[in-house]
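A short write-up of the structure that comes next.
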Amino acid sequence: MKGPIARAAVRTSAVLGFRLLIQAGSLLIVAKLLGPAYYGAFAAMTALAVTLGALSTFGTHLTLLRETSRSPIDAISLVPMGLATTVLCGGILLFLFLIITIAVPQVAAAVDGVTVICIGFAELIIQPLLNFPSAIQQGRGMIARSQLLLTTPLFFRVCAAAYIWNAHTPNPLHAYAIGYLISSILAVAIGFLSIRDVTWLGLGQWRLPSCSEWHDAGSYAALNLTALGPTELDKTFAAKVMKPMDAGVYAVSTRVIGAAILPVIALMLAAIPRLFQAPNRGSAPLLRHIFVSASTYGLLIGALLWLTAPIIEWLFGAKYFGITEMLRWLTIAVPGLALRMAAASSLMACGPPKTRALLEVFGMFVLTLTVTAFGGQNSPPGMPIALACSEWSMAIVGWLWIGKNFNSRNALAPTGSDRASDQ
């Protein structure tokens, strides 16, 4: 608790705890507002938008984070390139998102065109811009502040959902989609104002990357996409292979376990700048602490979710009957999810970005195979089992790779000073 990483992790955990409350409130309100069938379609659509949105910045916000961790002043010159890249790539992805959404009958039948455009524009063009002020703050060591900034659109969305709930809007999904877009716009405006030494709207300075910059950012772009794939792709699969009611229950349950893993995310957010600064020197002791912390927390929170599943089902109400069983099946995946998140972030900072990308592509491949084997309308536990297989396979392969990599450098014998500095 005395080291800078530990202190930053505690502060960030507090912010993510606030984020958890917002997510829980939003989940409860939106799930009850839409009902299981519509919520399942909405979750599938937003999961697709979030997954594609991971490519909007084309990895330029991660190169900005890396360079800010190393040289905060020089890194500012990368901002105009990142903004121009995001607008270009986001526009292309928005067109692709519209085509894919129309092609999924279960989603197209439940949502209208305005809803699809609002969600797509928010997730593919507007909200990705928020990654740049957040990356600058994280690289400068303001970890908690950077995450508080990323929480602002969620806060505005829950306010919008609460207003729609109280107003008894006749078309709640349509109204919420408009509020979703406005929330992203307000959050980006706040993000730009929070970094005063950057000229965000200097359009004359915006530029596209050079060939070498495209290549450098491309590795992080692939990584950013694959990072979301294992946790978002399953919801799209669920909408296709499960009954609408079961898909809605599954989507809600996976959001619950995702929120429960926030402290592991906080730990990695605090550790990444340190790992970026010295990827090959002095990182082995820190990685050991990360492994122990993630595995211990994953087991404890999995047990807690198993015990409290009936309470969670009661909170969502009778429409979401079956959450208890679904959550208890999903607890099998929770420790693997925590370890996978820790391993993936460590691989991103300590090695070539393609290493993490390959790990998560492997996880998506396992997910696809296991959905084919275990999913289906007549097997509600099939999706939780498929997700567990995917998460555990990535966790095991990722940490085996990390252990082999550092063993080859004889780096797993930390000195006393290394151990003290990382704790």
Side-chain angles (χ1 to χ4, degrees), residues 1-17 19-20 62 65-66 69-70 138-144 146-147 223 227 257-304 333-353 355-356 359-360 391-392 394-423:
M1 295 298 294
K2 297 180 180 179
I5 292 177
R7 291 197 300 271
V10 171
R11 289 193 298 269
T12 308
S13 293
V15 172
L16 293 183
R19 182 175 180 174
L20 174 60
L62 291 175
L65 170 60
R66 182 191 65 196
S69 300
R70 298 171 180 174
Q138 185 179 355
R140 291 176 176 178
M142 298 179 286
I143 314 295
S146 73
Q147 294 308 300
L223 180 155
I257 68 166
I261 298 297
L262 287 177
V264 176
I265 299 174
L267 173 64
M268 297 314 303
L269 288 170
I272 281 174
R274 165 67 183 273
L275 293 173
F276 265 135
Q277 291 168 11
N280 298 322
R281 176 175 52 84
S283 54
L286 177 56
L287 289 172
R288 291 179 112 185
H289 292 300
I290 288 171
F291 176 80
V292 172
S293 300
S295 57
T296 302
Y297 178 80
L299 290 169
L300 291 176
I301 200 65
L304 182 62
V334 170
L337 173 60
L339 284 169
R340 187 267 295 178
M341 287 183 167
S345 295
S346 300
L347 288 173
M348 178 189 73
C350 292
T355 306
R356 172 176 176 173
L359 175 69
E360 288 165 334
E391 295 294 347
W392 274 107
M394 286 186 287
I396 293 169
V397 172
W399 281 105
L400 284 176
W401 190 94
I402 291 172
K404 180 180 178 181
N405 181 65
F406 280 89
N407 272 324
S408 66
R409 295 174 185 161
N410 295 317
L412 285 179
T415 63
S417 60
D418 284 335
R419 187 180 296 109
S421 66
D422 284 327
Q423 285 179 344

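These figures come from a predicted structure and were not determined experimentally.
- Contact annotation: the side chain of M268 approaches that of S346 to within less than 4.5 Å [non-hydrogen atoms, C-beta and beyond].
- Of the inter-residue distances, the one linking Q138 atom CD with L62 atom CG reads 9.0 Å to the nearest 0.5 angstrom.
- Across all non-hydrogen atoms, the minimal contact from I301 to I261 is CG2-CD1, 4.1 Å.
- For the residue pair P335 and G298, the shortest heavy atom distance occurs at CG-O, 3.7 Å.
- Across every non-hydrogen atom of L339 and W399, the tightest pair is O-NE1, 3.0 Å.
- Closest heavy-atom contact between G336 and A395: O-CB, 3.6 Å.
- Between R356 and L347, the shortest heavy-atom distance links the atoms CB-CB, 4.1 Å.
- Put simply, CE on M394 and CG on L359 are 6.5 Å apart, with the number rounded to the nearest 0.5 Å.
- Using a distance-only test at 3.5 Å, with no hydrogens or angles considered, no donor-acceptor pair links the side chain of S345 to the main chain of A342.
- Here the shortest heavy-atom pairing between L65 and G139 reads CD1-N, 3.6 Å.
- Using a distance-only test at 3.5 Å, with no hydrogens or angles considered, a donor-acceptor pair links the side chain of S146 to the main chain of I143.
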